[in-house]
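The residues of the chain are indexed from 1 along the displayed sequence. As a basis for the values below, the full set of heavy atoms in this structure was taken, side chains included, without hydrogen atoms, waters or symmetry mates.
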Amino acid sequence: EDNGCESKLLDISLNEDEGYVQSRWNMIGNLTALPWSPRIDVIGRTKFWYNKDDLPSDSGTKVFFYDEEWEIPASKALLQLITKAGTISNSND
């Protein structure tokens, strides 16, 4: 069943020197329960930091910290929630 929500992985990279994996993604969600049918559409990135000294390990690598950032200000993402779908873009144009 398609509920109008998805997350797309746009890119992923490994920075072995600094000990993190970075992903770039697009989160999309149609909020059909609201009468004006808003759509959240945000592109962002997440860095997952791991301890390089623990590699390799039979128990796997553990993420000890992550940080996330959107490519648009939070205020613009909020505007997507209070306006009709497609009114506010997911870029800073």
My understanding is that only residues two or more places apart in sequence, or in another chain, count here; which of them pass side-chain contact (heavy atoms from CB on, under 4.5 Å) with S37?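 Checked S37 against side-chain contact (heavy atoms from CB on, under 4.5 Å); zero matches.
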Taking all non-hydrogen atoms of both residues, which atom of [X] and which atom of [Y] are closest, and how far apart?
X: E68; Y: T46; result: OE1-OG1, 3.5 Å
X: A77; Y: I72; result: N-CD1, 3.8 Å
X: V63; Y: F65; result: CG1-O, 3.4 Å
X: F48; Y: Y66; result: CD2-CB, 3.9 Å

**OP:** Starting from I88, walk the hydrophobic network (Ile, Leu, Val, Met, Phe, Trp, Tyr; side-chain heavy atoms closer than 4.5 Å) and list everyone else you reach, by chain and number.
**Re:**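 L79, I82, all in the cluster of I88.
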Who clusters with L10? Use side-chain heavy atoms, under 4.5 angstrom, across I, L, V, M, F, W and Y, and order the result by chain and number.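 L10 shares its hydrophobic cluster with I43.
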Got W49 and V21 here, is their nearest side-chain heavy-atom distance under 4.5 Å?
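The answer is no; the side chains never approach within 4.5 Å.
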Review point. Less than 4.5 Å apart, any side-chain heavy atom of Y50 and any of L14?
Key: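 With C-beta onward as the side chain, the pair touches.
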side-chain hydrogen bond (donor to acceptor under 3.5 Å, both in side chains) against E71, all qualifying residues, sequence neighbours excluded: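 By the side-chain hydrogen bond (donor to acceptor under 3.5 Å, both in side chains) rule, E71 matches R24.
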- [ ] Would you give the length of the straight line joining atom CD of Q80 to atom OG of S89, rounded to the nearest 0.5 angstrom?
- [x]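 Between Q80 CD and S89 OG, I get 7.5 Å after rounding to 0.5 Å.
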Can you give the donor-acceptor pairs under 3.5 Å from side chains of residues 26-36 to other protein atoms, not counting sequence neighbours?
residue: N26; atom: ND2; partner: D41; partner atom: OD1; Å: 2.8
residue: N26; atom: ND2; partner: V42; partner atom: O; Å: 3.1
residue: N30; atom: OD1; partner: R39; partner atom: NH1; Å: 3.1
residue: N30; atom: ND2; partner: G4; partner atom: O; Å: 3.2
residue: W36; atom: NE1; partner: L81; partner atom: O; Å: 3.0

Review point. Quick one: side-chain hydrogen bond (donor to acceptor under 3.5 Å, both in side chains) pairs with a partner in residues 4-18, sequence neighbours left out?
Key: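 Sorted pair list: N15-Y20.
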